[in-house]
Amino acid sequence: MSFVKKDNQRYFNPMRRAILKHDMIRPKDKVAIGMSGGKDSTTLLYLLDTIRRQQRLGFDFEIQPITLDMGFAGVELQPMQEFVEKLGYELEVVPTNIAKVVFEIREERSPCSLCAKLRRGTLYTHAKELGCNKVALGHHLDDAVETYFMNFLFHGQLNSFEPVSYLSKTGVTLIRPLIYIEEQEIIRYVNREKLPVIFNPCPVDKQTKREEIKRFVATIAETYPDVREKFIMGMEQGTAADFWKKSLVLP
């Protein structure tokens with residue numbers, strides 16, 4: 001893994017822009033990073049760590065990687081643990097029985113909503129216990145666009161999730177530093193830097209409504225290649241109160 005490649009600015013610049021524009025991180029913040037083992041959260045930690053070490057924000061802050069052991073059999077956390085340790089951190093592993101609750105006890109036909117709710121509650125509470133006042137998630141630009149269309153098509157609402165939101169029940173603030181970076185850019189970065197990605201054992205992975213909307217957005221982008229750029233323009237030209245809403249939370 002290396003940070004010397006010249007085109008890294010295409011990743012650092014939009015992340016720094018998002019952080020500063022939306023006031024995501026302030027001096028002395030302790031930021032928990034929710035690590036799922038997937039490409040997005042792995043990239044988030046890698047980039048945010050570089051920004052912190054190279055003082056790209058002009059001030060210092062702390063990082064605390066956290067992952068939830070969902071209770072799925074056969075999940076190997078060692079590659080993620082080794083990756084986190086190489087960056088100089090200790091991965092906080094939180095054991096849970098979320099998989100059993102969702103798929104065995106509740107036998108949810110549409111499990112994503114309950115699973116997301118349980119994961120969020122556990123992550124936010126544990127982050128607070130560790131002294132973190134911010135929780136960073138790996139939601140990127142495509143996630144925001146897809147959420148917008150999901151809200152429109154399924155709920156009749158014209159909004160997406162917020163880049164920053166204060167969670168009054170836990171007293172932590174949720175931030176999304178990758179909000180200006182496209183998913184394909186993250187995929188290229190992970191492949192180029194050979195970042196570790198852990199297999200997702202969830203039985204409904206790639207079989208959700210979000211996957212349908214992902215294909216829908218990809219189809220739109222074939223005709224209108226700048227649809228994601230236009231989304232950012234629309235987001236920034238409006239006000240937070242008009243555009244970013246807590247309507248649909250990502251699973």
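These numbers come from the heavy atoms of this one structure, side chains and all, not from hydrogens, waters or symmetry mates.
Residues satisfying the side chain to side chain contact (heavy atoms under 4.5 Å, CB included) criterion with Glu212, sequence neighbours excluded, are Lys209, Arg215. When the salt bridge (charged side-chain N to carboxylate O under 4.0 Å, His left out) test is applied to Glu185, the partners found at least two apart in sequence or on another chain are Arg10, Arg188. Applying the ring-ring contact (aromatic ring centres under 6.0 Å, His included) rule to Tyr89 yields no partners; only residues at least two apart in sequence or on another chain are considered. Checked against side chain to side chain contact (heavy atoms under 4.5 Å, CB included), Ala221 has the following partners two or more places apart in sequence or in another chain: Val227, Arg228. With sequence neighbours left out, the ring-ring contact (aromatic ring centres under 6.0 Å, His included) criterion links Phe61 to no other residue. Remark: Asn133 engages Asp29 in a side-chain hydrogen bond (donor to acceptor under 3.5 Å, both in side chains) (not counting sequence neighbours). Under the side-chain hydrogen bond (donor to acceptor under 3.5 Å, both in side chains) criterion, Lys128 pairs with no residue at all, not counting sequence neighbours. Residues that satisfy the side chain to side chain contact (heavy atoms under 4.5 Å, CB included) test with Ser36, not counting sequence neighbours, are Ser41. With sequence neighbours left out, the side-chain hydrogen bond (donor to acceptor under 3.5 Å, both in side chains) criterion links Lys21 to no other residue. Taking the side-chain hydrogen bond (donor to acceptor under 3.5 Å, both in side chains) definition, one finds that Arg16 meets it with nothing, sequence neighbours left out.
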| message | Would Lys214 and Glu183 count as a salt bridge (charged side-chain N to carboxylate O under 4.0 Å, His left out) here? Give the steps. | response | CA-CA 11 Å; Lys214 184 183 293 291; Glu183 183 174 24; 2.9 Å; yes
With side-chain contact (heavy atoms from CB on, under 4.5 Å) as the criterion, how do Val145 and Phe149 come out once you've worked through the C-alpha distance, each side chain's angles and the decisive distance to 0.1 Å? CA-CA 7 Å; Val145 177; Phe149 282 108; 3.8 Å; yes
| task | In sequence, state the C-alpha distance, the side-chain angles, and the governing distance for Ile175 and Ile25, and then conclude on side-chain contact (heavy atoms from CB on, under 4.5 Å). | result | CA-CA 8 Å; Ile175 62 175; Ile25 301 176; 3.8 Å; yes
Next on the checklist: Run the side-chain contact (heavy atoms from CB on, under 4.5 Å) test on Tyr46 and Val190 for me, step by step, so that the C-alpha distance in whole Å, both residues' side-chain angles and the decisive distance to 0.1 Å come before the verdict.
Outcome noted: CA-CA 10 Å; Tyr46 194 49; Val190 167; over 6 Å; no
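Residue Phe231 comes nearest to Ser160 through the heavy atom pair CZ-CB, 4.3 Å, listed as atom of the first residue, atom of the second, then distance. Summarising the geometry of Thr125 relative to Gly121, their closest heavy-atom pair is OG1-O, 2.8 Å, with the distance given to 0.1 Å.
Leu137 is listed as a side-chain neighbour of Leu174, based on a closest heavy-atom distance under 4.5 Å. At a threshold of 4.5 Å between non-hydrogen side-chain atoms, the residues Leu44 and Pro177 count as touching. With contacts defined as side-chain heavy-atom distances shorter than 4.5 Å, the pair Val135/Val31 does not qualify. No side-chain heavy atom of Ile186 sits less than 4.5 Å from a side-chain heavy atom of Tyr11. Counting heavy atoms from C-beta outward, Leu141 and Ile181 have side chains that stay 4.5 Å or more apart.
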Can you give each donor-acceptor pair under 3.5 Å made by side-chain atoms of residues 76-85, sequence neighbours left out, with the distance rounded to 0.1 Å?
unit_1, atom_1, unit_2, atom_2, d
Glu76, OE2, Gln78, N, 3.0
Gln78, NE2, Glu82, OE2, 2.8

Only distances under 3.5 Å count here; give the side-chain donor-acceptor pairs of residues 63-74 to other protein atoms, sequence neighbours excluded, each with its distance to 0.1 Å.
unit_1, atom_1, unit_2, atom_2, d
Gln64, NE2, Glu90, O, 3.2
Thr67, OG1, Met35, O, 2.6
Asp69, OD1, Gly71, N, 3.1

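Within a 6.0 Å radius of CZ in Phe152, no more than 12 heavy atoms belonging to other residues, nucleotides or ligands are found.
For the side chain to side chain contact (heavy atoms under 4.5 Å, CB included) criterion with Met15, the lone passing option out of Leu20, Thr43, Ile179, Leu48 is Leu48.
In this structure, Arg17 is positioned above the aromatic face of Tyr180, its NZ or CZ under 6.0 Å from the six-membered ring centre and within 45° of the axis.
Using a 3.5 Å distance cut-off with no hydrogens or angles, the side chains of Glu92 and His126 do pair a donor with an acceptor.
Rounding to the nearest 0.5 Å gives a distance of 10.5 Å between OG1 of Thr147 and CG of Asp142. One distance of note links CZ of Arg120 with SG of Cys115; it measures 10.0 Å at 0.5 Å rounding. Taking CZ from Arg52 and CG from Leu47, the interatomic distance works out to 13.5 Å, rounded to the nearest 0.5 Å.
Of the possible polar contacts, none joining the Arg210 side chain to the Glu146 backbone as a donor-acceptor pair under 3.5 Å is found. With hydrogens and angles disregarded, no donor-acceptor distance shorter than 3.5 Å links the side chain of Lys39 to the backbone of Pro196. Not a single donor-acceptor pair under 3.5 Å links the side chain of Asp49 to the backbone N or O of Leu45. With hydrogens and angles ignored, the 3.5 Å screen pairs a side-chain donor or acceptor of Lys134 with a backbone N or O of Met24.
There is no path of hydrophobic side-chain contacts, each under 4.5 Å, that joins Ile187 to Val197.
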